Chemist: 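What follows is a structure written as structure tokens; I'll ask about it next.
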Amino acid sequence: NVVFFCLVLTVRSLCEGLIPNVRSVDALSNLNSWLSKELITFEKVNVAELSEENWGLICNRKLNRGDVVLEIPMKKCLSASSVRLGKCGEALGQAESGDEEFEPLCGDVTLLAMQLLCLESEWTQCLTYPSTLPLLSEIDDQILERFSSRALGVLRANANDDYDWLIQNKFFDRISKPQNAKEWQRYIAVALSRSFFIDDELILAPGLDFVNHDDLLDIDTIETCIQKRRTLRGDIKIAVTAPENLDIGMPFTLSYGALPAASYLENFGFLPSKSAARRASAAVEIRFELDPQDRFLDDKRDIYQSNSEKNGEQPLLDDGLDFCLVGSEPDPDYLRFARLKFLGGTDAFLLEPIFAKEIWDFLDLPISRENEFAALTALADECRAIRDALSSDDDEEAKTSSTSVNEQKDDDATFLPLLSQLRNIELTALENTLNWIDVEINSLDTKEYYQERRLKELGLDTEWCAEDQGAQWSGTRTPGGVDW
């Protein structure tokens, strides 16, 4: 489990919503009847056809901000913790009775897809996916790599590997079997695009899965409007509240959050185009790691792990792998990690155990000119490398390379413009970050570093003068009497 640092740059438009397999009045009516029966609260909204290829939630009552709109029993939801229950768990247990335990490369998304195969209801019959997910594209991985810093083809490869394991271990012999790997990818696409992280758990919840995205809403509505709660009987339910005042007939939407543009395209098949959602998505993934040859590697890893666990974050992997997102001014967490990475020389004394409880706070601010320069230069080098890789192939070359692919699948004709848009977003984010770094490097001589701050805290930032001691020094300072 790697740690993601968000150093983000940053519609009222809906994402491409569900495209139901059966678009009929009966299917829609049956779905709403099922949701009304199975959910604790569903009377304030209903699923409606927003356009020819878009289903979503519509308010049938006037809502005030904070009103509870949906209450979904956790036992009706699909999650990683529920995979062992029922028919799916039995089939998986028999498949694992062979040589190894199943560890899906697509993580919890695969577990959700497996459960979808085991269910038949008015709800699951209407579940489907956006058609513009890279997962479903026929475009070669090598072409996909030209458009983003993220390897967009990895998810498809991982899905195929999970499918192969399930085939080889006869999992599908015990439940409904996809016709082929392509159909299995569609189940992965449903689980990927219609689930939400709730309290750090990926959950596919009936009713909630029909909530579309709105660029104009606050980007933290997923955290503020979706919560697990305990009923009077002790059962767990998912409560969804209104993010704003809504009139009858208005779409009920949420923001899918401050994700990089590549994540929006990979998970939901669209790119934010307005307001805070677009600014937050203008980001690029960059990989960083501690130097395995660093003689202080163990000390630095211990410092990072102990402080990240204290803050409830995922700890660093053994190899020191880390991630960050860049786009204009970096998130303070990246700079703190980078300062730790390049801590050495005359600054290495901060790694001593005496500073163990304070060093993480010290790293919030520049440590020394040399350390700050190294941290900024490393980030700039990574940004330039990715920018040069993305800039090396122009759009015309990419379109030419994929001509034969487009002849096989018309959907990719719409997908390629999204890829070009994604690349432009990432190139802009990289340029903005490089501009910010240039300003920071040019102002290194004006920054206040650790030694200066520490001297100021101790009242030692001016020359000592015995004749004017009371005017210049606070406390009981005497020459040679400082506790460093």
Side-chain angles (χ1 to χ4, degrees), residues 4 6-19 45 47-59 63-66 69-70 129-134 147-148 150 152 189 192-198 207-226 240-247 249-285 325-329 331 414-415 417-429 432:
F4 288 86
C6 293
L7 318 155
V8 293
L9 265 183
T10 327
V11 266
R12 176 166 250 174
S13 69
L14 301 175
C15 78
E16 180 173 1
L18 299 179
I19 308 172
V45 292
V47 181
E49 186 175 7
L50 305 179
S51 63
E52 184 177 356
E53 293 187 341
N54 186 9
W55 284 16
L57 294 183
I58 292 290
C59 300
L63 299 176
N64 295 319
R65 181 177 180 179
V69 180
L70 296 171
Y129 47 84
S131 61
T132 48
L133 292 174
F147 291 93
S148 175
R150 172 177 290 200
L152 294 174
L192 181 70
S193 61
R194 310 317 303 175
S195 56
F196 294 91
F197 274 100
I198 305 173
L208 179 60
D209 53 299
F210 284 93
V211 174
N212 287 324
H213 169 81
D214 188 339
D215 275 357
L216 295 185
L217 291 173
D218 291 340
I219 57 178
D220 60 350
T221 54
I222 291 294
E223 289 78 17
T224 59
C225 296
I226 305 178
V240 183
T241 56
E244 59 182 349
N245 297 334
L246 296 168
D247 291 327
M250 293 183 66
F252 180 83
T253 57
L254 296 173
S255 169
Y256 288 172
L259 302 173
S263 291
Y264 266 99
L265 187 59
E266 184 174 64
N267 296 346
F268 308 115
F270 74 99
L271 294 169
S273 60
K274 297 179 184 176
S275 193
R278 183 175 184 222
R279 292 193 299 272
S281 69
V284 180
E285 288 185 337
L325 303 177
V326 301
S328 189
E329 183 175 355
D331 186 285
T414 8
F415 187 61
L418 280 173
L419 287 176
S420 297
Q421 185 182 349
L422 173 61
R423 181 165 66 183
N424 290 335
I425 289 172
E426 294 195 358
L427 285 172
T428 300
N432 289 341

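Nothing here was measured: the structure is a model prediction, and the numbers come from that model.
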Chemist: Tell me every residue that passes side-chain contact (heavy atoms from CB on, under 4.5 Å) with L418, counting only those two or more places apart in sequence or in another chain.
Modeler: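 Checked L418 against side-chain contact (heavy atoms from CB on, under 4.5 Å); matches are T132, L265, L271, F415, Q421.
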
Chemist: Between atom CD of E223 and atom OG of S255, what is the distance when rounded to the nearest 0.5 Å?
Modeler: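 Going from CD on E223 over to OG on S255, the span is 9.0 Å.
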
Chemist: Measuring from I198:CD1 to L208:CG, what's the distance to the nearest 0.5 Å?
Modeler: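 That separation rounds to 5.5 Å.
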
Chemist: Look at the side chain of T428 and the backbone N and O of N424, then say whether any donor-acceptor pair between them is shorter than 3.5 Å.
Modeler: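 Pair found, side chain donor or acceptor close to backbone of N424.
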
Chemist: Counting N and O atoms only, with roles assigned by atom type, does the side chain of R278 sit under 3.5 Å from a partner on the main chain of P272, one being a donor and the other an acceptor?
Modeler: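 No: the side chain of R278 does not pair with the backbone of P272.
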
Chemist: In Å and rounded to the nearest 0.5 Å, what is the CG to NZ distance from L216 to K274?
Modeler: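 Interatomic distance, L216 CG to K274 NZ, rounded to 0.5 Å: 6.0 Å.
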
Chemist: Can you see which heavy atom on F252 is nearest to which on V45, and at what distance?
Modeler: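 Smallest heavy-atom distance, with atoms named: CB-CG1, 4.2 Å.
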
Chemist: So, for E426 and A262, which heavy atoms are closest and what is the spacing to 0.1 Å?
Modeler: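 What the structure gives for the nearest pair is OE2-CB, 3.8 Å.
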
Chemist: Please name the pair of heavy atoms, one in L192 and one in S195, separated by the smallest distance, quoted to 0.1 Å.
Modeler: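 Closest approach of L192 to S195, heavy atoms only: O-OG, 3.8 Å.
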
Chemist: What are the two closest heavy atoms between L133 and G269, and how far apart are they?
Modeler: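 For L133 and G269, the tightest heavy-atom pair comes out as CD2-N, 3.3 Å.
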
Chemist: Between N267 and S193, is there a donor-acceptor pair closer than 3.5 Å when you use the side chain of the first and the backbone of the second?
Modeler: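 A pair under 3.5 Å: no.
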
Chemist: Do NZ/NE/NH1/NH2 and the carboxylate oxygens of R150 and E285 come within less than 4.0 Å?
Modeler: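 Answer for the salt bridge query: yes.
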
Chemist: Any non-hydrogen side-chain atom of M250 less than 4.5 Å from a side-chain atom of I58?
Modeler: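 Counting from C-beta outward, M250 and I58 never come under 4.5 Å.
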
Chemist: Angle between ring planes, Y256 versus F196, binned at 30° and 60°: parallel, tilted or perpendicular?
Modeler: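 Perpendicular.
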
Chemist: Looking only at atom types and distance, does a side-chain atom of D218 sit under 3.5 Å from a main-chain N or O of D220, one as donor and one as acceptor?
Modeler: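 Not at all, since once roles are kept as given, no pair shorter than 3.5 Å links the two residues.
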
Chemist: Measure across L254 and P243 and return the closest heavy-atom pair with its distance rounded to 0.1 Å.
Modeler: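 Reported closest heavy-atom pair: CD2-CG, 3.9 Å.
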
Chemist: Using every non-hydrogen atom in the two residues, find where R194 and N212 come nearest and quote the distance to one decimal.
Modeler: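 Reported closest heavy-atom pair: NH2-OD1, 3.8 Å.
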
Chemist: Kindly say whether P260 contributes a backbone atom to a donor-acceptor pair with the side chain of S281 at under 3.5 angstrom?
Modeler: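 No, S281 side chain to P260 backbone: no donor-acceptor pair under 3.5 Å.
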
Chemist: To the nearest 0.5 Å, what is the distance between CG (L57) and OG1 (T253)?
Modeler: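 OG1 of T253 is found 9.5 Å from CG of L57.
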
Chemist: How long is the span from the CD1 atom in I425 to the OG atom in S420, to the nearest 0.5 Å?
Modeler: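 Result: 11.0 Å between the selected atoms.
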
Chemist: With rounding to the nearest 0.5 angstrom, report the CZ to CG distance, F210 to N54.
Modeler: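 It is 11.0 Å, given to the nearest 0.5 Å.
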
Chemist: Could you go step by step and tell me if Y264 and H213 meet the side chain to side chain contact (heavy atoms under 4.5 Å, CB included) rule?
Modeler: CA-CA 11 Å; Y264 266 99; H213 169 81; 3.5 Å; yes

